[in-house]
Amino acid sequence: MASVGPSAASTQPALPSGPAVFKTIPYAFILPEIVCGTWVWILVAATSVSLPLLQGWVMYVSLTSCLISLLLLLSYLLGFHRNSENWKVLDSLYHGTTAILYMSAAVLQANATINSEFGVNAPLNYQLNSAASFFAFLTTFLYILHAFSIYYQ
């Protein structure tokens, strides 16, 4: 009969700290999430916003999640987690919730892209909105990958 003791609990992989964060899945997704999310709000900010309610939500989601992901990345780099299992739960809940919010923002950005096709400065705004939609959906995919890959490490 196998005993369940401290040795069984120590078989869990350690949470990465320092530069190992960039080499470990799912934590390696944090930097691309930040970069793609930054492109979303830069591209939306560069357009002539014709639908402030729609694109305001896109800006809010992208900027807020970019800043929180940056704080999460810094906390992993500096080792604030102290290898606690609660950080995995926090990380999974954050990335799952953000994936849902980003999906709503990406759909609204796609709607803003469709509506900007024939407006003032149509070619430029349409191209910027199209790029913002692409990066919004890409960022959503990265957040989904991160949220689900925590369970498979």
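In what follows, every heavy atom counts, from backbone to side chain, and hydrogens, waters and symmetry copies are set aside.
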Distance, nearest 0.5 Å, that separates CG of L142 from CD1 of I30
11.5 Å

Distance, nearest 0.5 Å, that separates CZ of F135 from OG1 of T140
13.0 Å

What's the shortest heavy-atom distance between A147 and G96, and which atoms?
CB-N, 3.6 Å

Using only heavy-atom distances, determine whether the side chains of N125 and S116 contain a donor-acceptor pair under 3.5 Å.
no

Is any side-chain heavy atom of D91 closer than 4.5 Å to a side-chain heavy atom of H146?
yes

State the CG-CG distance between L108 and L54, to the nearest 0.5 angstrom.
5.0 Å

For H95, does its backbone N or O pair with a side-chain atom of T98 as donor and acceptor, under 3.5 Å?
no

Spacing of F29 atom CZ and I144 atom CD1 [to the nearest 0.5 Å]
12.0 Å

Is it possible for you to say whether Y126 and V58 belong to one hydrophobic cluster, with membership spreading through side-chain heavy-atom contacts below 4.5 Å?
no

Side-chain donor/acceptor pairs under 3.5 Å, residues 100-107, sequence neighbours excluded:
| unit_1 | atom_1 | unit_2 | atom_2 | d |
| --- | --- | --- | --- | --- |
| S104 | OG | W57 | NE1 | 3.0 |
| S104 | OG | L101 | O | 2.6 |

Sequence neighbours excluded, which residues qualify as side chain to side chain donor-acceptor pair (under 3.5 Å) partners of S130?
none

Members sharing V89's hydrophobic cluster (side chains within less than 4.5 Å)
L93

Is there a path of hydrophobic side-chain contacts, each under 4.5 Å between heavy atoms, that joins L73 and L78?
yes

Under the 4.5 Å side-chain heavy-atom rule for ILVMFWY, direct or indirect, which residues accompany L71?
none

Tell me the side-chain hydrogen bond (donor to acceptor under 3.5 Å, both in side chains) pairs involving residues 59-69, sequence neighbours left out?
S69-Y94, S69-Y143

Does a side-chain heavy-atom distance below 4.5 Å link V35 with P32?
no

What donor-acceptor contacts under 3.5 angstrom involve side-chain atoms of residues 36-44, with partners at least two apart or in another chain?
| unit_1 | atom_1 | unit_2 | atom_2 | d |
| --- | --- | --- | --- | --- |
| T38 | OG1 | I34 | O | 2.6 |

Inter-residue atom distance N129.CG - T47.OG1, 0.5 Å rounding
4.5 Å

Is there a continuous path of hydrophobic side-chain contacts, each under 4.5 Å between heavy atoms, that joins Y76 to I68?
yes

For the CG atom of L63 and the SG atom of C66, what is their distance to the nearest 0.5 Å?
6.5 Å

